[in-house]
Every structure is written in C-alpha cells, then in structure tokens.
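Inspection log for the structure reproduced underneath, given as structure tokens.
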Amino acid sequence: MTEMLLAVQQPFDFQECLVFLSRSEQEVLHVTTPDTVRKLMRIGERLILIELQEVEKHICVRFPVDEVSETEKERVAREVRDWLDLERDLKPFETMGAKDELLAPLIEAHRGLRTIGFPDLFEALVWAIIGQQITLSFAYTIKRRFVERYGDHRVVEGRAYWTFPWAERIALLEPEGLRELQFSRRKAEYVIDIAREITNGDLSKTALQSHSSADIRQRLLAIRGVGAWTADYVLMKCFQDASAFPIADVGLHQAIQHQLGTSKKPTIEEVKRYGESWQGWEGYATFYLWRSLYGNV
DNA sequence: GGCCAGGTGATGG
DNA sequence: CCATCACATGGC
C-alpha cells in the first residue's frame, strides 16, 4: 500500500480532530474509527480513497485501494493540509488564550485541536446554507439526503464512501429537485444559483484565494442566501481565515453561556467585547467554543 | 404543544 | 438605518 507522511506544526492532536469528525452519526462524507479517518476525494477526474492516521507526530496518508501518481499524491497532500489546517502554528493562539477566561479551560482541555474545514467552496457554501436557522441534526439529515441523491460513491470492503455533489450536476436541477429532500424553497434556489455561478466560472475559490479576506467576504455577501454569518463561516472553514468571526452564531452564544454559567445567552455586544481580546484568532476561538458543546471525549 | 434551531431577504417605518 | 416578519420543519 502506498503511503506518505505529512509534517505537522506542534501542538497538534489528531485525536481531537477525530472527536470533531465523529460528532454526527449522520455524517456521510468521511468514516472514522478510533484512530483513523477515511474519505473519498475527487482528484481531477478520479475518486481516490484516502485514510489518515497519526504516526509519530506526523499525519500518515494511505491509499488503501488505489494506485496514485506523484502529482495526485501532491494534490491529496494539499487537500489534507487544508482540511485539517495542518500548516497553522497554534502557539500564538495558545499564548493569547491562556489569559482568556473563556478560552483558557478549552485550550487546556483540547490542546492541539485545529479548525477542520471544507476545502471545497461549493460544499462550504451549501452546508452553511442548509444549516441556517434549523437544528444541526436536521441539517445533517438534509445533507445526507443531498449527498446520497446527487453525490458519487464507491464501495470499498463493503462500505460506501461518498463525495459531495459536484456543482456541475446541481446546476442542472430545478428547485423541486431539492424541495423533495426538504430544502426550503428559498434554500433550494440559493443552492442552485450558487451551483450555476460556480459552473459558469463566475465564482471560484482559486480566483478568490489571491484576494484579501475583506474582498472575499464582500464577494460572498453578494451571493443570494449568503449573509454575514455565512460569509464569515465560509471564510473560516474554506479560506482558513483564523480571524473570521461568525458573531451572530447561536452555537457560539450557547457555548459562551455554558462556559460562564450564566442564565442568559450573551448579547451581540457582549460577544463582540469578548472577541476584542482574540484579535486574529476569532475563528479559532469560535471553533474551540463550539468544541465545548459536544462532549468531553 | 410551544419554542428554538450553527439566518436571510423582503418589507415598512 | 433599524425593527419585524415569513420561511419550513425537526427536535426536545
């Protein structure tokens, strides 16, 4: 079996990544075991199954069933680094957070956790839109239906591995094709519009990546269905902007309330005030606060 | 059964 | 510019 080792900046904790990746029973885009995760990646025209495991403070990438070229290996490495934010140096975040009443206990408990994102822009946008104003578990239900209806899959060792649907395919749908999966009418329109923008080249992660976060944010806000929350969420999870801050996020508010043990959720103004001491790391702070909401494994 | 969900756009003052 | 409302439906 082919494999390669990826170096990771310390501190890094792969187990923490696995906890995050295992948070929903309904997740269909990767499969975790106690010490590995497998994912089907689209590399060029191929669907390649990869498996990750921590080996001596490195990430070992294996290809359980595929022969891959050097070029493909490089593309997989790039995708894995983006997915798990492996190139980030967390030390400044830990130094900052050690003095913060909200972050200090979380950094202590989850040292080495990285934001886990969506390298694919279409996936990031669609997932954010699905998740607007509904419970996370309902969002996962809809996403599973969407992936199993319109995504591609391979069966390996009796297990199905799925990829997120290509924009090219969704661009051909009418809203009814998503209404059936319990998208709201408007969300169905947003998702199809975005798929069409991506397909015809008007919206591209590669093209946006050379711009500043402020410019990317402005471009995202121009998309119907993308408001401040979604734009910041996508900056954080797709463009790896550690300072992106989805300030109105209810999960963030809940987490702050729990951490402080208060009876009410904080106001936006109060959240802003906490954020002032996180400068440059607002996205990481948010991700760690989200982490506090799903158990202590 | 009522209220809340990892919000957004439209509408009206 | 700010407040309010419809959207859709599951989960608790």
Side-chain angles (χ1 to χ4, degrees), chain A residues 19-29 102 106 113 115-118 121-146 164 174-195 197 203 217-259 262-272 274-275 278 282-295:
Chain A
V19 170
F20 176 83
L21 291 168
S22 310
R23 72 192 173 138
S24 172
E25 301 285 320
Q26 298 214 68
E27 177 59 63
V28 279
L29 294 178
L102 283 170
L106 297 177
L113 170 67
T115 60
I116 292 168
F118 305 100
L121 178 59
F122 184 56
E123 179 182 348
L125 281 165
V126 171
W127 173 237
I129 287 169
I130 289 175
Q132 291 168 359
Q133 188 56 22
I134 60 175
T135 58
L136 208 47
S137 64
F138 184 32
Y140 269 112
T141 302
I142 293 177
K143 167 170 138 173
R144 183 172 46 73
R145 291 181 188 143
F146 182 64
F164 200 76
E174 294 303 323
E176 293 67 33
L178 297 180
R179 281 289 293 139
E180 291 170 30
L181 312 181
Q182 282 181 296
F183 281 67
S184 69
R185 169 97 204 169
R186 262 188 334 207
K187 286 185 182 179
E189 292 171 3
Y190 298 157
V191 165
I192 292 169
D193 285 352
I194 289 169
E197 279 197 71
L203 180 63
R217 188 170 192 274
Q218 197 169 22
R219 173 65 184 93
L220 295 174
L221 286 172
I223 301 169
R224 240 169 65 86
V226 175
W229 177 85
T230 303
D232 290 326
Y233 181 87
V234 169
L235 274 172
M236 172 183 167
K237 301 274 283 187
C238 184
F239 291 91
Q240 293 174 279
D241 179 353
S243 71
F245 194 18
I247 197 162
D249 183 84
V250 298
L252 173 65
H253 299 176
Q254 236 173 68
I256 292 175
Q257 180 188 356
H258 286 177
Q259 288 303 300
T262 49
S263 57
K264 284 183 182 167
K265 285 195 285 196
T267 63
I268 296 286
E269 281 312 309
E270 287 168 331
V271 179
K272 244 179 219 163
Y274 289 115
W278 303 337
E282 293 88 340
Y284 255 87
T286 301
F287 196 75
Y288 272 62
L289 282 156
W290 284 342
R291 173 64 181 84
S292 71
L293 293 174
Y294 49 91

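Chain letters run A, B, ... following the sequence lines, proteins first, then strands; residues in each count from 1.
- Looking at A/Arg224, its side chain has no donor and acceptor atom pair within 3.5 Å of the base of B/dG7.
- A/His258 has its NE2 atom 12 Å from the P atom of B/dG6, to the nearest Å.
- Across the P atoms, B/dT11 and C/dA8 are found 15 Å apart, a figure rounded to whole Å.
- Nucleotide C/dG11 forms a Watson-Crick or G-U wobble pair with B/dC3, both donor-acceptor distances falling under 3.5 Å.
- Within 4.0 Å of A/Ile142, counting heavy atoms only, lies no atom of the nucleic acid at all.
- Rounded to an integer number of Å, the gap from A/Asp232 CG to B/dT8 C1' is 14 Å.
- Between A/Gln254 and B/dA5, a side-chain N or O to OP1/OP2 separation shorter than 4.0 Å is present.
- Using a 4.0 Å cut-off between charged nitrogen and carboxylate oxygen, A/Arg224 and A/Glu189 count as a salt-bridge pair.
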message: One character per nucleotide, please: for nucleotides 7-12 of chain C, 5' to 3', B when the base has a protein heavy atom closer than 4.0 Å, S when only the sugar-phosphate does, - otherwise.
response: BBSBS-
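- Ring-centre distance between A/Phe183 and A/Phe146: below the 6.0 Å cut-off.
- When the C1' atom of C/dA3 is taken as reference, atom CD1 of A/Ile268 falls 15 Å away, rounded to whole Å.
- Comparing C/dC2 with B/dG6, their C1' atoms sit 24 Å apart, to the nearest whole Å.
- Using a 4.0 Å heavy-atom distance criterion, A/Lys265 is classed as a sugar-phosphate-only contact.
- In this structure, A/Lys264 atom NZ and B/dC4 atom C1' are separated by 17 Å, rounded to whole Å.
- Salt-bridge annotation for A/Glu176 and A/Arg179: absent, with no side-chain N of the basic residue lying under 4.0 Å from a carboxylate O of the acidic one.
- As rounded to whole Å, 12 Å separates atom P of B/dG9 from atom CG of A/Leu220.
- Residue contacts for A/Ala139: at a heavy-atom cut-off of 4.0 Å it reaches no nucleic acid atom on any strand shown.
- Both A/Gly225 and A/Lys237 lie near DNA chain B, and the one whose nearest nucleotide falls closer to the 5' end is A/Lys237.
- With rounding to whole Å, A/Ile129 atom CD1 is found 17 Å from B/dA5 atom C1'.
- A/Lys143 meets the salt bridge (charged side-chain N to carboxylate O under 4.0 Å, His left out) test with A/Glu27; sequence neighbours excluded.
- Residues A/Gln26 and A/Thr141 have side chains that bring a donor and an acceptor to within less than 3.5 angstrom of each other.
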N/O donor to acceptor pairs below 3.5 angstrom from side-chain atoms of residues 121-128 of chain A, sequence neighbours left out:
from, atom 1, to, atom 2, distance (Å)
A/Trp127, NE1, A/Tyr233, OH, 3.3

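- Rounded to whole Å, the distance from CD1 on A/Ile247 to C1' on B/dG6 is 15 Å.
- A perpendicular orientation is assigned to the rings of A/Trp290 and A/Phe287, their planes being inclined by more than 60° (bins at 30° and 60°).
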